[in-house]
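Read the numbers this way: they start at 1 and go in the same order the structure lists the ligands and their atoms.
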Amino acid sequence: MQVVNNLQDLNKALHVETNKSIGFVPTMGDLHDGHLSLVQRSKEKSDFTVVSIFINPTQFDNPNDFSNYPVNLEYDLSVLKKYNIDLVFIPKFKELFQQENKVNFPLNGLDQVLEGRHRKGHFNGVLRVLNIFFKLIKPQYAFFGEKDYQQFLIVNLLAKNQFKNIEIILCPTRRLQTGLAMSSRNSRLSPDQQKIASKIYETLNFCKMNFSFSKIKELESVCLEKLKDFSDPEYFEIRNSINLSNKINKEDKCRAFVATKLSNVRLIDNLAIN
Ligand code: AMP
């Protein structure tokens, strides 16, 4: 496993591999089984897997969230080594963003709702860094988790507009036995709080069970009340899975999306509900 920190070494490592299909898994580190399921999928599908570890400051709207973001580099590298990953890229901010060429394409409002509405500039930051990574690494496949489903839709647009040769692959959300979606942020919760946080998934499932025979707005507000019993919700919304519209036709594929805070730790999750 090669570990590189600069562009010269990255290019050298990638140059050797010109005939092989490259799978790319971008992460912010502090790896858990959710990340590793993406890594595993890349290993299965590609000849050469690149994992990046980079806490991207441009996608954080809250400086505290950025400075408190867990770092676990030694562990991350040891686990990636066990997975026999070909290349780990741990760039420095300055050198990476010197490579930026700004792109502009329509996001069809996908960045204006849910996370985009509640974390100003978040998706702009995500797109900025992925635009650089995609340009440098030129993968055939890039792997993203369903846990960040809105991100997946937006990254798909980036690929369609700027990187037609990259296939964006969605990997299912990995959960703890309790149902809580795995997240690096879970480590900031006590074991008791983690147990309580599993009620987020319970609420999503409640929504799924009641979706076919409920009025959307009523169901959303019942779910919001359920979240308020144990946390401080930012939103609970049912939206169309393709375009994130809130004009719901129950025959279309729909998802419930949630963001809520438990003792100031912000957790998100979503579930296909039909
Ligand atoms: P992050 O390190 O949070 O930026 O996540 C890196 C990638 O891992 C993103 O594509 C996430 O959607 C994905 N991911 C994070 N948590 C999970 C999970 N519990 N299950 C599946 N994928 C995940």
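- Ring geometry for Phe89 versus Phe133: interplanar angle over 60°, hence perpendicular rather than tilted (30 to 60°).
- Checked against the 6.0 Å centroid threshold, Phe163 and Phe134 count as a close aromatic pair.
- Taking the six-membered ring where the residue is Trp, Tyr235 and His118 present tilted rings, their angle falling between 30° and 60°.
- Ligand 1 lies under 4.0 Å from heavy atoms of Pro26, Thr27, Met28, His32, Gly34, His35, Leu38, Tyr69, Phe144, Gly145, Lys147, Asp148, Gln151, Pro172, Thr173, Arg174, Met182.
- Ring orientation note: the planes of Tyr149 and Phe257 are tilted relative to one another, at an angle of 30° to 60°.
- Listed by chain and residue number, Glu225 satisfy the salt bridge (Lys or Arg N to Asp or Glu O under 4.0 Å) test with Lys228 (two or more places apart in sequence, or in another chain).
- In this structure, the side chain of Glu234 does not engage the main chain of Thr260 through any donor-acceptor pair within 3.5 Å.
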